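What follows is a short report on a single structure.
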Amino acid sequence: MIHLEHLNLVVTDIEKTLKFYQAAFPHWKVRGGGEANWHGKKRNWVHFGDDYQYLTFNDDGVGENRDLTGHQVGLAHFAFVTSDIDSVMTQLAEAGFNLDKDGAVDEYRKNVYYLDPNGYEVEFVQYLSDIPSLRNRYE
């Protein structure tokens, strides 16, 4: 078996980034952090997650994230599955984060997209069926 353990994201501000992800994942915590040197530049880092998966945030980001409406090579978005998408949306709204766009209308899943403080597009998905052929269909 193989599964994703973590994503390592370069950000501009760890505290602003944590505010977004703490709203979406209130059960996660900062697992650790420190300072490092990345090719001659000092940066701070934190691991935010649970005992099995996490996000790493490195604060030495400069410039803008890729244009999500363009065709540049780079990360388009990443997604998390939730059992209660409405709760995630409420938590993010209460923390001051607005929905970026709705997902496709589908009877077997609901999904929404947010932009985190660094311009990363984050999708949240709630599947409404456990049957793979229904959950994963595309029309």
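What you see is a predicted model; the values in this text were computed from it and never measured.
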Salt bridge (charged side-chain N to carboxylate O under 4.0 Å, His left out): pairs with one or both residues in residues 10-24, sequence neighbours excluded: none

Side chain R135, main chain Y108, donor-acceptor under 3.5 Å: no

Within residues 56-85 or reaching into it, pairs that qualify as salt bridge (charged side-chain N to carboxylate O under 4.0 Å, His left out) - sequence neighbours excluded: R43-D60

Atom pair CD1/CG of I14 and L9 - distance to nearest 0.5 Å: 11.0 Å

Co-membership, hydrophobic cluster, residues F25 and V112, 4.5 Å side-chain: yes

Those residues that, when tested against L92, pass side-chain contact (heavy atoms from CB on, under 4.5 Å) (two or more places apart): F20, A23, A24, V88, F97, Y114, F124

No-hydrogen, no-angle side-chain donor-acceptor test under 3.5 Å, S87 and Q91: yes

Distance (rounded to the nearest 0.5 Å) between N111 CG and H77 NE2: 8.0 Å

Passing candidate, side-chain contact (heavy atoms from CB on, under 4.5 Å) with Y120, options L75, L68, L7: L75

Distance in Å, R137 CZ paired with E107 CD, rounded so as to fall on 0.5 Å steps: 5.0 Å

Geometric class of the H47/W45 ring pair [parallel <30°, tilted 30-60°, perpendicular >60°]: tilted

Pair K29-D51, side-chain contact (heavy atoms from CB on, under 4.5 Å): steps then yes or no: CA-CA 9 Å; K29 64 184 183 315; D51 291 334; 3.9 Å; yes

NE2/H71: more than 12 non-hydrogen atoms of other groups inside 6.0 Å: no

Minimum-distance pair of heavy atoms, taken over all atoms of E35 and N44: CG-OD1, 3.1 Å

Straight-line distance of N118 CG to N65 CG, nearest 0.5 Å: 7.5 Å

Connected hydrophobic set around W38, excluding itself, where side chains approach under 4.5 Å: none

Atom pair NZ (K42) and CG (N37), whose distance is rounded to the nearest 0.5 Å: 10.0 Å

Hydrophobic cluster membership, W28 vs V30, 4.5 Å side-chain cutoff: yes

Hydrophobic cluster of V105, others only, ordered by chain and residue number, side-chain cut-off 4.5 Å: none

Partner residues of Y54 under the side-chain hydrogen bond (donor to acceptor under 3.5 Å, both in side chains) criterion, sequence neighbours left out: H6

Closest heavy-atom pair and its distance - G61, V10: CA-CG1, 3.4 Å

Donor-acceptor under 3.5 Å (Q53 side chain, E5 main chain): no

Min side-chain heavy-atom separation D86-K110 under 4.5 Å: yes

Any F57 side-chain heavy atom under 4.5 Å of D116 side chain: no

Hydrophobic cluster membership, V11 vs F80, 4.5 Å side-chain cutoff: yes

Nearest-0.5 Å distance, CG of residue D102 to OH of residue Y113: 10.5 Å

Common cluster, L134/I85, ILVMFWY with side-chain heavy-atom separation under 4.5 Å: no

Verify same cluster id: F48, L4 (apolar side-chain graph, 4.5 Å): yes

